[in-house]
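Take a look at the structure below.
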Protein chains: 2
Amino acid sequence: MTGVMSDKELRRVTRGFQTLHSVLRLRILAALAERESNVRDLEDVLRVSQPLLSWHLTQLRQAGFVTAERMGREVRYRFQPAAFQELVHTMETLLGISLSNEEK
Amino acid sequence: MTGVMSDKELRRVTRGFQTLHSVLRLRILAALAERESNVRDLEDVLRVSQPLLSWHLTQLRQAGFVTAERMGREVRYRFQPAAFQELVHTMETLLGISLSNEEK
DNA sequence: CTAACATATAAACGCTTATTTATGGATTTA
DNA sequence: TAAATCCATAAATAAGCGTTTATATGTTAG
């Protein structure tokens with residue numbers, strides 16, 4: 001039963017994990033999960049420089065965790081829950097575990 | 001509602017993600033999820049050098065994904081599902097999402 | 001006790017990537 | 001159209017980490 005999952009599929013997963021490896025990235029995601037925001041808003045909330053934010057947002061977007069939409073001169077970023085959910089689902093399959101919410 | 005989660009808690013999560021960032025690590029975990037093994041067995045299954053395996057196993061162990069037990073001159077490694085499950089649970093809380101297995 | 005086996009550790013190297021600083025591009029406003 | 005605003009990109013630097021090679025530690029067998 002070894003090797004049932006392709007390297008391509010696993011690389012997609014590891015890319016997701018790589019992208020979530022810093023506290024700042026998680027804080028950005030959490031902020032966007034609360035409400036969609038432009039870069040300026042995040043800058044104020046998270047107290048980090050604008051280029052640094054742009055870079056992290058690009059990484060999160062390329063990994064599918066957020067989407068970006070130009071609106072006037074702003075760019076609004078939105079959290080995308082599906083990306084993480086799919087990641088977890090692949091891991092459940094790979095490891096043969098389940099994350100059932102405690103049975104009621 | 002921003003910042004409900006401590007940096008300490010988030011660092012624990014990011015450490016978990018950091019640890020799962022390579023395909024080889026995932027393959028090691030998947031192999032151990034199938035059956036507990038010593039280093040020699042994994043070496044044969046995964047076709048990587050012994051020091052490299054030892055290093056990755058140490059990382060996985062320090063992050064809580066596996067446990068190690070000395071048995072004679074071997075060391076048996078076991079997959080530890082709880083670590084990943086807790087990781088996911090923290091993320092659900094942080095992002096306000098749920099990964100419910102489809103409701104029946 | 002010595003040799004063989006199983007695993008861990010150390011040193012050295014290279015690569016990736018986060019961060020800072022500076023600048024460019026796009027859009028609106030006056 | 002000129003200035004201001006918002007965001008992205010480039011260059012440079014530094015730090016972390018995976019990989020290899022070599023050696024050390026621990027355990028059993030003869």
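It should be emphasised that the depicted structure is a prediction, and the values quoted were computed from it without experimental measurement.
Nearest-nucleotide mapping onto DNA chain C: of A:S22 and A:R70, the residue sitting toward the 5' end is A:S22. Both B:V39 and A:H56 lie near DNA chain C, and the one whose nearest nucleotide falls closer to the 5' end is B:V39.
Which of C:dT21, C:dA6, C:dA8 sits closest to the side chain of A:P51 comes down to C:dT21. Checking C:dA8, D:dT27, C:dT28 against the side-chain heavy atoms of B:S54 singles out C:dA8 as nearest. Comparing D:dG26, C:dA8, D:dC7 by their closest approach to the side chain of A:E74 singles out D:dC7. For B:R73, whose side chain is taken as the heavy atoms from C-beta onward, the closest listed nucleotide among C:dA6, D:dC7, C:dA8 is C:dA6. For B:L52, the side-chain atoms get nearest to D:dT19 when compared with the rest of C:dA4, D:dT19, C:dT9. The side chain of A:Q18 sits closest to C:dT17 out of D:dT20, D:dA8, C:dT17.
In this model, the phosphate group of C:dA6 is not approached by any side-chain N or O of B:Y77 to a distance below 4.0 Å at OP1 or OP2.
For B:H21 and C:dC15, the NE2 to P distance is 17 Å, given to the nearest whole Å. Remark: P of D:dG16 and CD of B:Q62 are 16 Å apart, rounded to the nearest angstrom. To the nearest angstrom, C1' of D:dT28 lies 15 Å from CG of B:N38. Atom CE of A:M71 and atom P of D:dC7 are 12 Å apart (whole Å). Rounding to whole angstrom units, CZ of residue B:R47 and P of D:dT20 are separated by 14 Å. Atom CG in B:L57 sits about 14 Å away from atom C1' in C:dT9, given to the nearest Å. Following rounding to the nearest Å, A:R40 (CZ) and C:dT27 (C1') show an atom-to-atom distance of 16 Å. Here D:dC7 presents its C1' atom at 12 Å from CG of A:L42, a figure rounded to the nearest Å.
Contact annotation for B:R61: no contact, since no heavy-atom pair falls under 4.0 Å across all strands. Residue B:R76 is out of contact with every strand shown, counting any heavy-atom pair closer than 4.0 Å. The residue B:Q50 sits close to a base: some heavy atom pair falls under 4.0 Å.
Using cut-offs of 30° and 60° on the angle between ring planes, the pair A:F17 and B:F17 is parallel.
B:R12 and B:D7 are not joined by a salt bridge, as no carboxylate oxygen comes within less than 4.0 angstrom of a charged side-chain nitrogen. One finds no salt bridge joining A:R76 and A:E69 here, because no Lys/Arg side-chain nitrogen approaches an Asp/Glu carboxylate oxygen to under 4.0 Å.
Between B:R15 and B:Q62 the shortest heavy-atom distance is NH2-CB, 3.4 Å.
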Worksheet item: Going through the distances and angles, do A:T90 and A:E86 end up as a side-chain hydrogen bond (donor to acceptor under 3.5 Å, both in side chains)?
Response: CA-CA 6 Å; A:T90 304; A:E86 289 164 14; over 6 Å; no
